[in-house]
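Letters A, B, ... are given to chains in the order of the sequence lines, protein chains preceding strands, and every chain is numbered from 1. Note that the structure is a prediction, hence the values are computed from the model and not measured.
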Number of protein chains: 2
Amino acid sequence: MPRPRSLSPDRLAAAALAVLDRDGLAALSMRAVAAELGMSTMALYRYVRDREELELLVVELVLAGVDTAPPPAGLPWRERIEVLVRRMRDTLSAHPSVVPLTVSHRHHSLGVLRWSETVLTVLAGAGFEGGRRVVALRALIAYVNGALQLEHLGALSGAGTAAISDLPADEFPLMAATARDARRVDAEREFFGGLAVLLRGLE
Amino acid sequence: MPRPRSLSPDRLAAAALAVLDRDGLAALSMRAVAAELGMSTMALYRYVRDREELELLVVELVLAGVDTAPPPAGLPWRERIEVLVRRMRDTLSAHPSVVPLTVSHRHHSLGVLRWSETVLTVLAGAGFEGGRRVVALRALIAYVNGALQLEHLGALSGAGTAAISDLPADEFPLMAATARDARRVDAEREFFGGLAVLLRGLE
DNA sequence: CCTCGTAGGTGTACGACGTACGCCTACAAG
DNA sequence: CTTGTAGGCGTACGTCGTACACCTACGAGG
């Protein structure tokens with residue numbers, strides 16, 4: 001019977017995402033999101049319990065955008081998983097600042113659950129059962145999480161690699177050499193090369 | 001010619017680590033570390049430029065504790081890498097609150113560089129060269145990072161898995177089943193099972 | 001032994017953060 | 001038209017990182 005809500009959780013999350021995409025993770029604050037929506041800071045607390053819940057909404061919004069439809073049935077199972085992982089990566093690459101948030105909020109996200117369900121479907125179809133299936137799924141999630149963070153916090157093309165390549169050659173001969181090679185490995189090859197290794201190991 | 005320093009970077013880092021181990025990551029603040037040392041907050045700024053540099057010192061201190069000596073030469077190369085990864089995991093498991101910090105400060109840590117150099121030595125000995133070696137190292141780092149975070153933020157034995165196991169069975173049949181299986185997979189098997197998959201894929 | 005400059009250590013203060021609390025008010029049901 | 005519920009807002013508190021100005025302990029040069 002009272003006054004109707006003027007905001008949907010989606011609009012709230014969209015405002016937070018706009019702040020993230022424009023100004024980065026450090027700029028995400030209750031005040032910034034409120035300003036983005038043209039309302040007062042405290043008004044947000046009619047929609048979320050605290051900042052953490054707002055972060056979860058953003059993660060939900062982004063991950064809900066991942067296509068979790070079963071990948072083409074004609075493909076071998078390893079390529080079907082690669083399709084699923086690629087969809088996840090493409091979605092998160094469009095919003096790099098969200099990547100760190102996904103780590104802590106993964107468990108509570110419906111989007112992740114749906115994606116995982118589809119991955120499990122492929123794994124089950126490939127004959128994975130019981131503990132082996134658990135290990136396979138968790139290894140995939142661990143790799144994707146870790147690789148996406150590496151990609152957005154310390155890309156191979158970044159300053160870190162450059163700094164490494166002129167390390168003292170006597171103590172770090174291989175690091176220096178590998179850093180030089182690394183400049184010729186782009187992000188795509190790094191990410192999917194590693195994924196291919198993992199999938200080969202699952203066979 | 002002036003007054004000598006009363007603190008070493010190591011003592012500073014040790015104080016911060018004590019706070020982390022006792023009260024967790026959220027409790028780490030310049031004020032808390034200063035109190036731990038019995039000095040004023042601002043005195044810390046004679047030793048570090050800002051909070052980030054203090055975090056780096058902690059990561060350095062912890063990662064310097066990882067044994068980077070070449071693993072037993074008698075072992076096959078995959079087992080030698082497993083030994084190196086196990087050392088890294090053991091060290092970080094003793095200080096779980098440090099794990100999130102390692103992600104952002106990895107690049108600047110001598111400890112990580114030394115560890116990576118040793119891993120590269122094993123990889124080179126196994127015949128990995130050029131781009132393949134880069135991809136192998138990065139995949140290992142991505143997996144270890146991701147798996148350690150999963151382990152400390154959402155362990156399989158935790159509430160997340162329990163919540164998943166009673167999800168709507170019609171929409172998430174495999175998730176529910178897999179969560180039930182997951183309760184019988186301990187952290188050790190999860191971590192090294194995934195690592196074994198990755199190493200098998202490298203072969 | 002006595003300066004004296006350098007750098008260690010401190011206290012205060014500022015702006016930003018998350019958020020508890022209490023108030024006003026717009027609205028839909030009666 | 002009344003009225004209760006919940007939306008929205010302003011203020012305020014405690015915490016954070018840290019800029020700045022100030023004392024002061026100390027080792028080198030006289």
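- Comparing Arg31(B) and Ser6(B) against DNA chain C, the residue whose closest nucleotide sits nearer the 5' end is Ser6(B).
- Side chains of Trp77(A) and Glu203(A) form a contact here, defined as non-hydrogen atoms less than 4.5 Å apart.
- Distance CZ (Arg51(A)) to C1' (dT19(C)): 13 Å, rounded to an integer number of Å.
- Judged purely by atom type and a 3.5 angstrom limit, Arg80(B) uses its side chain to pair as donor or acceptor with the backbone of Leu75(B).
- We find that CE of Met30(B) is positioned 16 Å from C1' of dG11(C), with the value rounded to whole Å.
- If you take CG of Leu28(B) and C1' of dC16(D), they are 12 Å apart, rounded to a whole angstrom.
- Between the Arg133(B) side chain and the Phe128(B) main chain, a donor and an acceptor come within less than 3.5 Å of each other.
- We find that Arg86(A) and Glu82(A) are joined by a salt bridge, their nearest charged nitrogen and carboxylate oxygen being less than 4.0 Å apart.
- Here the side chains of Arg114(B) and Glu171(A) are in contact, with some heavy-atom distance below 4.5 Å.
- Within residues 36-45 of chain A, the residues that have a heavy atom under 4.0 Å from DNA chain C are, in order of number, Thr41(A), Met42(A), Tyr45(A).
- Proximity of a side-chain donor or acceptor of Arg183(B) to a complementary backbone N or O of Ala162(B) within less than 3.5 Å is not detected.
- Judged by atom type and distance alone, Arg46(A) reaches the base of dG8(D) through a side-chain donor-acceptor pair under 3.5 Å.
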